[in-house]
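Let me begin by presenting the structure, written as structure tokens, before commenting on it.
The first residue in the sequence is number 1, and the count goes up from there.
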Amino acid sequence: MNRSEFTLAQWLSWMEASHPVAIDMGLDRCRQVYDSLNLSFEGVTVITVAGTNGKGSSVAMLDAILQAAGYATACYTSPHLNRYNERIRFNSLLSTDDQLVSAFNAVDQARGNISLTYFEMGTLAALWLIAQRKPDVALLEVGLGGRLDVVNLVDADVAVITTIDIDHVDWLGDNRESIGREKAGIFRESTPAVCGDPAPPNSISDYAQLISAPLFQVGQDFNFTHETNSWDWSGADSKKQPLTYTNLPIPSLPLQNAATVLQAIALSGLDVTESDISRGLTVAKVAGRMDCFAHNGQQYLLDVAHNPQSAQYLGEQLAKLKTPITLVLGMLSDKDCTAVIEALAPIVNEWHFVGLSVNRGQTADQLKACWEKAHKPQASDVPVCHHDVSTALAYLEQRAETKLIVVAGSFYTVGEAYAALGRDVI
């Protein structure tokens, strides 16, 4: 069958099998295809967001605030939870199958004999769609690292780094300095950059100084204070004039990321009022991040926390609920499963481990071994292992005695939970 006749499902299947490895670091191949596509982002304000954690929530708050200000927006994020269409959104609406098929066809024609990974093909397709649509603002989330990510083919008008933690060590390095340098690769000469990590590695500021990129650092160039029912922010605009907002509504997403977002907007040159910010913060949300809801009389909280830093944040938020926690955990084998379990152990009353039937997926028994290593269990403290997420949730619903079921550990885990519960993610 000619690829020009592929459906979206056929394209995705072909993309998964068309390149010898899933991750192939380097931009040379993608740059050739990108140049062949001859894309133009003239008139589009590009904000690129990198970081270990907080990228998705930062993009969501940027999107909500800018739409509240009347701007047409495009968002590119990854991975998705249930449908590939989630990765590319225009004014919060998912891209259609037809749009994605057109984009894949365009990239396929431009690439010639150049082989691309699933992610590379998808990112180039997203950039093609955004260039065709010409929104006022394009919000681009980096998939892995920054310097060598396909998103970095586009010059950002504002570059944002959220937080830095140890993750993807096979590709980014095993220390925060090397990871920070990779993330800082999205910076551009004489173009504003924002860092929301309160204790950033020196490599970020070193690189910004090297290329003369003005860096705005939380705790130095912008700050925030948290009251009981509101918060205040202070920073600077693109001309380094002081800027403050007071009595802002507290978002459902991490406040540290919200503060970083406000500094990015202040540097973007976009016309955004305090009222726009308040309205955007009130409605901003991300599927799979602290998503709490009731289903069949049972309370659930779904969160994609999958590394020690995000697990620590999840644990802190769950501790505030002061309710017994039943955790359903499924993780990938290249994650620091032991450290994640250690971070969550203080607040978990009952453990349920699940296997993930994807590449790099851990089995439930492998997670139990990590738990035994991290947790030093008592004889009465025994986790339950399940084949998959749906089996675990069916088991827990049948018992009908759990106060709060938390599902975490991976996008795959949370995506399977949404599917098992018949819940839309958007």
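Considering only heavy atoms from C-beta on, Leu270 stays 4.5 Å or farther from Asp136 through its side chain. With a 4.5 Å cut-off on side-chain heavy atoms, Ile211 and Tyr207 count as touching. At least one side-chain heavy atom of Val304 sits less than 4.5 Å from a side-chain heavy atom of Leu81. Using a 4.5 Å cut-off on side-chain heavy atoms (C-beta onward), Arg111 and Leu116 make contact. Looking at Phe41 and Asp155, their side chains never come closer than 4.5 Å, going by heavy atoms from C-beta outward. Proximity of Phe187 to Leu215: side-chain heavy atoms (C-beta onward) are separated by under 4.5 Å at one or more points. A 4.5 Å side-chain heavy-atom check between Phe222 and Leu262 finds every atom pair outside the cut-off. At least one side-chain heavy atom of Arg31 sits less than 4.5 Å from a side-chain heavy atom of Asp35.
Checking each of Lys183, Gln217, Arg176, Gln256 against Asp197 for a side-chain hydrogen bond (donor to acceptor under 3.5 Å, both in side chains) leaves exactly one that passes, namely Arg176.
Using a 3.5 Å distance cut-off with no hydrogens or angles, the side chains of Ser203 and Asp206 do not pair a donor with an acceptor. If you check the side chains of Ser4 and Asn2, you find a donor sitting under 3.5 Å from an acceptor. In the model, Asp165 has no side-chain atom that pairs as donor or acceptor with a side-chain atom of Asn53 under 3.5 Å. Side-chain contact of Asp388 with Ser390: a donor-acceptor pair under 3.5 Å is present, judged by distance alone. No side-chain N or O of Asn105 forms a donor-acceptor pair with one of Ser102 less than 3.5 Å apart. Gln67 and Asp63 share a donor-acceptor pair across their side chains, judged by distance under 3.5 Å alone. Between the side chains of Asp291 and Tyr418, at least one donor N or O lies within less than 3.5 Å of an accepting N or O. In summary, the side chains of Arg188 and Asn152 do present a donor paired with an acceptor at a separation below 3.5 Å, with no hydrogens or angles considered.
Looking at Asp237, its side chain never comes within 3.5 Å of a backbone N or O of Ala266 through a donor-acceptor pair. A donor-acceptor pair under 3.5 Å is formed between the side chain of Asp149 and the backbone N or O of Gly143. Remark: the backbone N or O of Val340 is not paired with any side-chain donor or acceptor of Asn307 at under 3.5 angstrom. With hydrogens and angles ignored, the 3.5 Å screen pairs a side-chain donor or acceptor of Trp231 with a backbone N or O of Pro249. Side-chain atoms of Ser13 do not come within 3.5 Å of backbone N or O of Gln10 as any donor-acceptor pair. With hydrogens and angles disregarded, a donor-acceptor distance shorter than 3.5 Å links the side chain of Ser252 to the backbone of Ala284. Side chain of Ser278 to backbone of Leu248: no donor-acceptor contact under 3.5 angstrom is found. Panel note: side chain Ser95, backbone Ile88; a donor-acceptor pair is recorded below 3.5 Å.
Taking CD1 of Ile130 as the start and OG1 of Thr73 as the end, the distance is 10.0 Å to the nearest 0.5 Å. Rounding to the nearest 0.5 Å gives a distance of 4.0 Å between CD of Glu120 and CZ of Arg29. With rounding to the nearest 0.5 angstrom, the CG atom of Leu314 is 4.5 Å from the CG atom of Asp303. Considering CG of Leu27 and CZ of Arg147, their distance stands at 8.5 Å, rounded to 0.5 Å. Between the CG atom of Leu301 and the CZ atom of Phe293 there is a distance of 8.5 Å, given to the nearest 0.5 Å. Atom CG in Asp271 sits 11.5 Å away from atom CD1 in Ile265 (nearest 0.5 Å).
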Open item on the list: Between Thr123 and Val151, is the side chain to side chain contact (heavy atoms under 4.5 Å, CB included) condition met? List the steps.
Closed with: CA-CA 7 Å; Thr123 304; Val151 162; 3.9 Å; yes
- [ ] List the steps, then state whether side chain to side chain contact (heavy atoms under 4.5 Å, CB included) holds for Ser333 with Gln362.
- [x] CA-CA 5 Å; Ser333 59; Gln362 289 268 52; 3.9 Å; yes
- [ ] Report the C-alpha distance between Asn257 and Thr260 in whole Å, list the side-chain angles of each, state the deciding distance to 0.1 Å, and finish with yes or no for side-chain hydrogen bond (donor to acceptor under 3.5 Å, both in side chains).
- [x] CA-CA 5 Å; Asn257 297 336; Thr260 305; 5.2 Å; no
Task: side chain to side chain contact (heavy atoms under 4.5 Å, CB included) evaluation trace for Trp14 with Met121 - done: CA-CA 11 Å; Trp14 179 84; Met121 186 91 175; 4.2 Å; yes
Task: Verdict with supporting geometry, Leu100 and Tyr84, side chain to side chain contact (heavy atoms under 4.5 Å, CB included) - done: CA-CA 9 Å; Leu100 290 167; Tyr84 190 92; 4.0 Å; yes
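For CD of Glu316, the number of neighbouring non-hydrogen atoms (other residues, nucleotides, ligands) closer than 6.0 Å is greater than 12. Environment of NE2 in His226: crowded, with over 12 heavy atoms of neighbouring residues, nucleotides or ligands closer than 6.0 Å. Annotation: Phe104, atom CZ; neighbour count of heavy atoms from other residues, nucleotides and ligands within 6.0 Å is above 12. More than 12 heavy atoms of other residues, nucleotides or ligands sit less than 6.0 Å from atom NZ of Lys134.
Residues Ala305 and Ser310 come closest through the heavy atom pair CA-OG, 3.4 Å. Of all the heavy atoms in Ser78 and Phe119, the pair that sits closest is OG-CE1, 3.6 Å. Considering every non-hydrogen atom in both Glu86 and Leu94, the closest pair reads CA-CD2, 3.7 Å. Scanning all heavy atoms of the two residues, the minimum distance from Val354 to Ala392 falls at CG1-CB, 3.6 Å. Minimum interatomic distance between Ala258 and Leu281 (heavy atoms only, all atoms of both residues): CB-CD2, 4.2 Å. Considering every non-hydrogen atom in both Phe216 and Pro192, the closest pair reads CE1-CB, 4.5 Å.
Between His386 and His352, the ring planes lie parallel to each other; the angle is under 30°, not in the 30° to 60° tilted range. Aromatic ring pairs are classed by plane angle as parallel below 30°, tilted from 30° to 60° and perpendicular above 60°; the pair His306 and Phe411 is tilted. Taking the six-membered ring for Trp and thresholds of 30 and 60 degrees, Trp233 and Tyr245 have nearly parallel ring planes, at less than 30 degrees apart.
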